Number of protein chains: 2
Amino acid sequence: MRATMDDLTEMLKGTLEGCVLEIIGGEETYGYAITRRLNELGFADVVEGTVYTILLRLEKKGLVQVTKRPSAQGPPRKFYALNDAGREELAMFWAKWEYVSSRIDKLKEGGR
Amino acid sequence: MRATMDDLTEMLKGTLEGCVLEIIGGEETYGYAITRRLNELGFADVVEGTVYTILLRLEKKGLVQVTKRPSAQGPPRKFYALNDAGREELAMFWAKWEYVSSRIDKLKEGGR
DNA sequence: TAGTGGTACTCAGTACTACAAAGTAGCAGG
DNA sequence: CCTGCTACTTTGTAGTACTGAGTACCACTA
């Protein structure tokens with residue numbers, strides 16, 4: 001119930017999934033690495049559980065192709081890559097983001 | 001379950017409340033008018049029910065001052081104005097927005 | 001004067017999302 | 001062997017926007 005700057009979870013709803021799509025779109029990668037990447041990017045509080053639920057959702061929606069590969073650093077990794085539907089969804093996400101963020105910025109400028 | 005451009009509801013979660021705060025901050029106003037304002041601003045699918053739940057939440061959090069005034073155009077209106085806590089919350093909202101949107105834009109630019 | 005349409009508010013229930021928390025499992029180094 | 005790091009899974013919870021139904025008040029009009 002804090003109102004501090006670092007509590008961004010509500011604002012990330014609906015955008016985190018798109019961010020994960022974008023990261024996967026850049027290169028085939030896996031859950032743990034995606035979490036670290038998001039943390040690096042400034043989304044410091046995003047934890048693994050969140051990312052894994054998103055990945056399962058993407059898989060269910062048929063937006064990604066999954067490949068299991070052994071790892072030298074622990075249990076096997078599940079690598080994710082975008083398929084055509086995923087790339088389409090990603091483009092849609094950026095279109096929505098463009099739209100929403102421009103409206104909000106306009107509102108901020110006292111948009112009449 | 002559509003994936004069309006006009007389904008923005010998930011992306012608005014966490015930001016709509018801030019938008020309502022901003023509108024109230026601009027001038028004392030009431031629920032119905034706020035809904036129309038949001039629709040004008042491009043948030044076409046936002047409906048009254050949503051705005052009223054936000055307003056009740058703001059009231060519960062003690063961020064607004066409420067004044068009931070009779071209307072010539074129907075039942076009495078509940079006018080909302082920001083108090084000090086509300087102005088603080090609004091500033092916090094814009095700070096968060098600045099932060100989150102800049103990170104997402106960076107990610108979009110292929111941010112390394 | 002009954003009916004319609006626009007204004008204005010309320011409330012119960014639902015869907016979706018991010019997070020918390022706990023657990024399983026493998027490998028490396030001391 | 002045991003601690004720490006990597007890596008994945010699952011269950012449950014809280015918060016938010018939306019749906020849909022309802023109440024109520026007024027103006028206009030047929």
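The chains referred to below are lettered A, B, ... by the order of the sequence lines, with proteins before strands, and numbering in each begins at 1. If you're wondering where the values come from, they're calculated on a predicted model, not measured in any experiment.
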Colleague: Between Arg87(A) and Leu82(A), is there a donor-acceptor pair closer than 3.5 Å when you use the side chain of the first and the backbone of the second?
Modeller: yes

Colleague: Which residue lies toward the 5' end of DNA chain D, Glu10(A) or Phe79(A), if each is placed at its nearest nucleotide?
Modeller: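 Its nearest nucleotide lies further toward 5', so the answer is Phe79(A).
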
Colleague: Nearest whole angstrom, please: distance from the P of dT16(D) to the CG of Leu55(B).
Modeller: 14 Å

Colleague: Measure the distance from CG on Leu56(B) to C1' on dG13(C) and round it to the nearest whole Å.
Modeller: 16 Å

Colleague: Using a cut-off of strictly less than 4.0 Å, decide whether Arg57(B) has a side-chain nitrogen or oxygen near OP1 or OP2 of dG15(D).
Modeller: no

Colleague: Considering every strand and a 4.0 Å limit on heavy-atom distances, what is the contact class for Ala33(A): base, sugar-phosphate, or nothing?
Modeller: nothing

Colleague: Nearest to the side chain of Tyr32(B) - dC18(D), dT7(C), dG15(D)?
Modeller: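 Minimum distance to the Tyr32(B) side chain belongs to dT7(C).
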
Colleague: Measure from CD on Glu48(A) to P on dT9(D) and round the result to the nearest Å.
Modeller: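 After rounding, the reported distance stands at 12 Å.
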
Colleague: Given atom NZ of Lys78(A) and atom C1' of dG26(C), what is their separation to the nearest angstrom?
Modeller: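 Between C1' of dG26(C) and NZ of Lys78(A): 17 Å.
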
Colleague: Looking at the side chain of Pro75(B), which of dC11(C), dC18(D), dA24(D) is the nearest nucleotide?
Modeller: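 Among the listed nucleotides, the one closest to the side chain of Pro75(B) is dA24(D).
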
Colleague: Does Tyr52(A) put a side-chain nitrogen or oxygen below 4.0 Å from OP1 or OP2 of dC8(D)?
Modeller: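 Checking Tyr52(A) against dC8(D): at least one side-chain N or O falls below 4.0 Å of OP1 or OP2.
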
Colleague: Please report, rounded to the nearest Å, how far the P atom of dC16(C) is from the CE atom of Met11(B).
Modeller: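 The answer, rounded to whole Å, is 16 Å.
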
Colleague: If I take atom CZ in residue Phe43(A) and atom P in nucleotide dC19(C), what distance separates them, rounded to the nearest angstrom?
Modeller: 11 Å

Colleague: Verify the contact: side-chain N or O of Thr50(A) to OP1 or OP2 of dC19(C), cut-off strictly under 4.0 Å; return yes or no.
Modeller: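 For dC19(C), OP1/OP2 do have a side-chain N/O of Thr50(A) under 4.0 Å.
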
Colleague: Find which nucleotide of DNA chain C each of Val47(A) and Ser71(A) is nearest to by heavy atoms, and output the residue with the more 5' nucleotide.
Modeller: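 Per heavy-atom nearest nucleotide, the more 5' residue is Val47(A).
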
Colleague: Where the side chain of Tyr30(B) is concerned, which of dC9(C), dT10(C), dT6(D) is the nearest nucleotide?
Modeller: dC9(C)

Colleague: How many Å lie between CG on Asp45(B) and P on dT19(D), as a whole number?
Modeller: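 Going from Asp45(B) (CG) to dT19(D) (P), I get 8 Å.
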
Colleague: Do you know which two heavy atoms are closest between Glu28(B) and Ala81(B), and how far apart they sit?
Modeller: CG-CB, 4.0 Å

Colleague: So, does Thr53(A) get its side chain near the phosphate of dA18(C), meaning an N or O under 4.0 Å from OP1 or OP2?
Modeller: no

Colleague: Check this for me: does any side-chain nitrogen of one of Lys108(B) and Asp105(B) sit under 4.0 Å from a carboxylate oxygen of the other?
Modeller: no

Colleague: Between atom CG in Leu8(B) and atom P in dT16(D), what is the gap in whole Å?
Modeller: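 Going from Leu8(B) (CG) to dT16(D) (P), I get 19 Å.
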
Colleague: Is Lys61(B) salt-bridged to Glu17(B), going by a charged N under 4.0 Å from an acidic O?
Modeller: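 Looking at Glu17(B) together with Lys61(B), the answer is yes, because their closest N to O distance falls below 4.0 Å.
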
Colleague: Between Lys13(B) and Pro76(A), name the one whose nearest nucleotide on DNA chain C is closer to the 5' end.
Modeller: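 Its nearest nucleotide lies further toward 5', so the answer is Lys13(B).
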
Colleague: Using a strict 4.0 Å threshold on nitrogen-to-oxygen distance, state whether Arg37(A) and Glu40(A) make a salt bridge.
Modeller: yes

